[in-house]
Amino acid sequence: MGDWMPLDPAARAFLDQVAALGMPPTHTLAPAQVRAARVPVPPGPEVARVEDMEVFGPDGPIPVRLYYPSDEPNLPVLVWYHGGGWVIGSVEGDDPTARRLCVGTGAIVNSADYRLAPEHPFPAAVDDAYAVAVWAWQNAARYGGDATRMAIGGWSGGANLAAVVALLSRDRGGPAFRHQLLVVPVTDHRMQTPSYTENAEGYILSKPLMEWFYDHYAPASVDRAQSSISPLLAEDLSGLPPADIHVAQFDPLRDEGEAYAAALQAAGVPVTLTRHAGQIHTFFTAAHLFPHGLETVGVAAGRLKQALA
């Protein structure tokens, strides 16, 4: 567990840059406007090969992007879900992160372009996320992967999907993952933790923005307490893959990430939990701006590599 610290200077610089753009708050815009306004990020490291494919999904083809660390056969596999609150974000936006994880783990990274809300509300993202995981498992030999050495991961809304897919895989006899990497995960729809109060505004991810995400993804008619939206509220968390969970001090989601770690541990699941002092929600995926984020990607990749050895 990290200690409490003032805001990382890198985070302060980033927040100042965002403020200087004078953009209206994300939660006041339409999803299409937010997606169109995305600023391209600097590229990540070179990998051996990148392949765009489509996998068979429950409601049509799902695009995936495979990142290869080398041309060796039988490589371990990481199925990765991008962030963006189930509404924004893309494989393209997570491209640098996927590349860093590919290089750092020596695994094939399978980045899933699941359907987004509000065009495709819950459970579309979950259905796609699970379908990609099953495809990656069943077809591992076809694309050079090893089905016995698989991990799952994601950040923010993508970490929510990773946690949910781990639960579904356990319950449906799906892929047996060796590891789950959950970075600033969404685990509890209630938004009532102290970190929601402390970090309600001013650190990129705000309480109004989380409300905006939930309202698009799981509108009023949907039961948000179900474990496929709020994995923290699952009745049974035993038998899940060992978890590496990362939370940020200045993030509304901090406490529910820590609560999920505690709940997994109580259910007998091995957990590594790190609270990143002084950091904001985006520190891991905007690693080109956050030296601590880049370092953390390396640490997480090292743990993944060990788990998949």
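Side chains are part of it too, since the values below use all heavy atoms of this structure and drop only hydrogens, waters and symmetry mates. One-based numbering along the sequence shown. The structure displayed is predicted, hence computed values, not measured ones.
One N or O on the side chain of R254 and one on the backbone of Q249 form a donor-acceptor pair closer than 3.5 Å.
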- Task: List the steps, then state whether salt bridge (Lys or Arg N to Asp or Glu O under 4.0 Å) holds for R38 with E92.
- Result: CA-CA 11 Å; R38 205 188 75 75; E92 202 56 58; 5.9 Å; no
- Given salt bridge (Lys or Arg N to Asp or Glu O under 4.0 Å), test R224 with E211 step by step and report yes or no. CA-CA 12 Å; R224 295 180 186 174; E211 286 166 349; over 6 Å; no
- Task: Give the intermediate values and the outcome of salt bridge (Lys or Arg N to Asp or Glu O under 4.0 Å) for residues R12 and D8.
- Result: CA-CA 6 Å; R12 172 47 59 209; D8 181 337; over 6 Å; no
- Would you sort out whether R275 and W4 count as a side chain to side chain contact (heavy atoms under 4.5 Å, CB included), showing the intermediate values? CA-CA 9 Å; R275 177 193 287 170; W4 296 94; 3.0 Å; yes
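Annotation: ring-ring contact (aromatic ring centres under 6.0 Å, His included) contacts of Y217 (sequence neighbours excluded): W86, F122. Looking at residues two or more places apart in sequence or on another chain, you find no ring-ring contact (aromatic ring centres under 6.0 Å, His included) involving H179. Remark: F250 engages Y203 in a ring-ring contact (aromatic ring centres under 6.0 Å, His included) (not counting sequence neighbours). Shown here are the side-chain contact (heavy atoms from CB on, under 4.5 Å) partners of P42, two or more places apart in sequence or in another chain: H288. For A248, the side-chain contact (heavy atoms from CB on, under 4.5 Å) criterion is met by V184, D251, Q279, F283, not counting sequence neighbours. Contacts of D244 classified as salt bridge (Lys or Arg N to Asp or Glu O under 4.0 Å), with partners at least two apart in sequence or in another chain: R303. Contacts of P231 classified as side-chain contact (heavy atoms from CB on, under 4.5 Å), with partners at least two apart in sequence or in another chain: N160, A163, V164, L167, T187, Y260. For L233, the side-chain contact (heavy atoms from CB on, under 4.5 Å) test picks out D188, H189, R190, A225, S230, with sequence neighbours left out.
The distance between the ring centers of H27 and F213 does not fall below 6.0 angstrom. Residues F290 and F14 bring their aromatic ring centres within 6.0 Å.
Taking all atoms of both residues into account, the shortest heavy-atom contact from P69 to C102 is N-SG, 3.4 Å. Taking both residues in full, the closest heavy atoms of A147 and A140 are given as N-CB, 3.6 Å, listed atom of the first, atom of the second, then distance.
Sorted by first and then second residue, the pairs that involve residues 229-249 and meet ring pair (Phe, Tyr, Trp, His ring centres under 6.0 Å), not counting sequence neighbours, are H246-H276. Listed by first and then second residue, the ring pair (Phe, Tyr, Trp, His ring centres under 6.0 Å) pairs involving residues 128-153 are W135-Y143 (not counting sequence neighbours).
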Would you tabulate the side-chain donor-acceptor contacts of residues 48-63 under 3.5 Å, counting partners in other chains and residues two or more places apart, or write 'none'?
residue	atom	partner	partner atom	Å
R49	NE	E51	OE1	3.2
R49	NH1	D71	OD1	2.8
R49	NH2	E51	OE1	3.3
D52	OD1	R65	NE	2.8
D59	OD2	R115	NH1	3.3
D59	OD2	R115	NH2	3.1

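Side-chain contact of H281 with S156: a donor-acceptor pair under 3.5 Å is present, judged by distance alone. Counting only N and O atoms by type, the side chains of W80 and D94 include a donor and acceptor under 3.5 Å apart.
Residue L21 belongs to a hydrophobic cluster whose other members are M23, with links defined by side-chain heavy atoms closer than 4.5 Å.
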